[in-house]
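Numbered from 1 within each chain, the chains take letters A, B, ... in sequence-line order. On a predicted model such as this, the values are computed, not experimentally measured, just so you know.
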Amino acid sequence: MTPLLSVSDLRVGFGRKPHANEVVRGVSFDLADGETLAIVGESGSGKSVTALSINRLIDFGGGCITGGAMKLKRADGSVFDLMTATEPQLTGIRGAEIGMIFQEPMTSLNPVLTIGSQIEESFRLHRGLTGRQATAAAKDALDRVRIPDAARRLKYTPNQLSGGMLQRVMIAIALACNPRLLIADEPTTALDVTVQAQIMALLAELKRQTGMSMIFITHDIGLVAGIADKVMVMQNGQAVEQGELNQILDKAQHPYTQHLLQDVPHFANGSATRADGQRDKGASTEPALKVDNLVVRFPLKSSFFSRASGAVHAVDGVDFDLMPGETLAIVGESGSGKSTTARAVLGLVRSTRGSFSVGVRKASAQQSALPVQMVFQNPYASLNPRLSIETILAEPVIATGGRVNIKTRARMAGLLERVGLPKNSLERYPHEFSGGQRQRLCIARALMLNPSVVVLDEAVSALDVSVQAKVLELLVDLQREFGLAYLFISHDMAVVERIAHRIAVIYAGQIVEIGDATSVLSTPQHSYTKKLIAAVPTIDRRHEHFELDTRQVPSLVRPQGYEPAPARWEQFGPDHRARAEA
Amino acid sequence: MRILRAIFGHGSGRIGGIIVGVYLLVAILGMLGLTPHNPITQYRVDRLHAPNGAYWMGTDLFGRDVASRLMAGVGQSFTVAFFSVAFATLAGTVLGLAAAWLGRRWDGVLMRIMDVLLAFPAILLALLIVTVAGPGTWTSVVAIGIVYTPIFTRVVRGPALSLKAREFVDAARTFGSSSSYIVTRHLLLNLVAPLTVQVTLALAWALLTEAGLSFLGLGTQPPAASLGLMLSDSRNLMETAPWLMIFPGLAIMISILGFNLLGDALRDILDPKMRRAPA
């Protein structure tokens, strides 16, 4: 039997000399009807370029297919040569035979058109449906991706829907014409972990219903366990290993696959937490940071002259303390208030109420006036591209009234060496460094002022998985060496498990569960924590069936004068408590 | 040096760069008086000579050498354009940064004033200011400067607003950096590229506006030479002595072409998206 898609020795290059600048170098695979192939690799491995070459979208991205063969079996059984096809022929293939969904649902839809008209377009183009027929078909398509209240949602514009809903709309559009091949390029990377679980469940279910084939591209090898039949691991434009799912996950041959499976943080239900807990030993020390009943509200005004009609309760009564040398991880979905908490602690947003006290580690002369420092999520945005590394590292010193002298230069060089950067870095500029190196620079910059607390806001989320592991290692080493307290904000449970001593789960602006990491991860008590942990993809959960949960996060907009009910806490173990649920 | 090499490696940048370079040379010679003849001396015997060996571009109604007047005129026009654009850049950058950094009411009030200025056609607003202040070189400098200030304010405010929300500015705040440090190091330094492009393009518009003002008799005053004034003087002699119109007209056209080509090239070269290697 001929496979649905057969790719052999595919080569793709970029630039003026595509043959010299190949980023995909001889990739071959076959995909049978109804099969799912997962392509796994880090950024720059050529996985997206491979996918974009299949429907020849690469031609619009400046790429050029320099060699190989790609054959698609069409619905009528004839074989279609994707290499020699003309652009009009390809337009007939795209959407009708090969559907595609992208990473960022927010930017993949046109913001000024209703989602209804964007779904109808697909039916108009490929099936010739018009008017009421097209609307009915669009409603069916939304029903199919489990969007509640589909008829009304057709009139929504993209800004009225959440990221998860938009990704479902994208899937609805991609599946509008029943393509026999769906290419999903990191479809859940931009989404929260619980929403990711929903989308994965939806894709698995749709695949079962329609019998389509799928190419699923991801950087997260944990995700493929739930969906793939075959796995292809890519590195530097080459497929280093491919085979059946179980064979790859259990008996990986290539060192790079083994590295992905072993060295990269994977979630292990609390069995891989850090052993150097501090709480029980020296309980008498002063906390490095104590946050008491923190409230951050953003008032809503309907017009310039009217008074506030309500407020967004971004953070609603959060308290915790953080000991020296300890990591407290704050986990939660986007919009739960975890970043706002961090920014309030640093004074980047003004808190409405509440207090924090920052304990002084040692009353030495070196202790800076600003004991809390921060490392941001995006290493590309948090360094000014026009300044040399020396100027960047000098800024905290200048800002606090210091002078740049031989001593500061020595400190800069020492810190750079400590975070693992070459000695000649000082004269260089940020663009000369990779993402992981930039994040090391940001860490060095945060340490210039000798802080006692470092806030790490999704500090490793933007990095490739293997770089992530190394930066986490560095953070742990620095913590031991300088006795730093970390406030580690993350949505990634696997990363949190590696670095946290304690975990606070935050939901809708409130802490719902807090306690030592092992206890929270292995025996979660609050229903939200359970849901969050159940949604984490792991390599052990093969073809596990996810429940489709379409519940929406409650709105944080409250009327004027609203106060949340006081929390009732239930204690589970010495350092583990959860909010009692109604 | 790097930027010069990039300009000469860019197709239209090379042409624009050469044109602008030649003009600058001519302007300097014109200003220093290093012209073939004195631009305001009237050689009564040689009135309305067609271009020849002695007078390369002919002579005008009063027997003045057109080539010399052209050089002096280029010098004059460039001086006005240079100072007015410097004025607009300085004022626009300060106002744009102030609007973006102070935000809220400052932003609203400043930008509405700029909108009002921008609502007038450039030449009309310049005319208005010159009429009130009286004609002359320095009033045209101020008038043209004010006319182009709103454009620089906008060019600065937009990117400054987005830079202000970038994480490196947040990071600077967490170290306790002062506002002046953040504005100069983090905002202004990142605005150099868009400003450079804007300055080049604004020089072309300022040249044109200066020519327009002089043409209407409100810019440079005779007997001093200016390109607009020369065009204005040539109007009645268009058929008998076309060289009086052709040379200053060409001079204006080519200079504006040069600045526009250079501006386009700089836009390409300084665009950060172009600097990155293809993905």
Most heavy-atom pairs under 4.5 Å with chain B, out of A:Pro385, A:Ala381, A:Cys442, A:Ala446, belong to A:Ala381
_Only pairs of heavy atoms separated by less than 4.5 Å count here; which of A:Val375, A:Asn384, A:Asn21 has the most with chain B?_
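Of A:Val375, A:Asn384, A:Asn21, A:Asn384 has the most heavy-atom pairs under 4.5 Å with chain B.
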Rounding to 0.5 Å, atoms CD1 (A:Ile389) and CZ (A:Arg438) come to a distance of 8.5 Å
Distance from A:Thr341 atom OG1 to A:Ile489 atom CD1, nearest 0.5 Å?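 One gets 6.5 Å once the value is rounded to the nearest 0.5 Å.
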If one checks every heavy atom of A:Leu383 against chain B at 4.5 Å, the contacting part turns out to be backbone
Whatever's closer than 4.5 Å to a heavy atom in chain B on A:Ile392 counts as neither
Contact check, side chains of B:Ile7 and B:Arg14, non-hydrogen atoms, under 4.5 Å:
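Of all side-chain heavy-atom pairs linking B:Arg14 with B:Ile7, none is under 4.5 Å.
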query = Can you name the nearest heavy-atom pair linking A:Ala342 to A:Val455, along with the distance?
reply =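 So the two residues come closest at CB-CG1, 3.6 Å.
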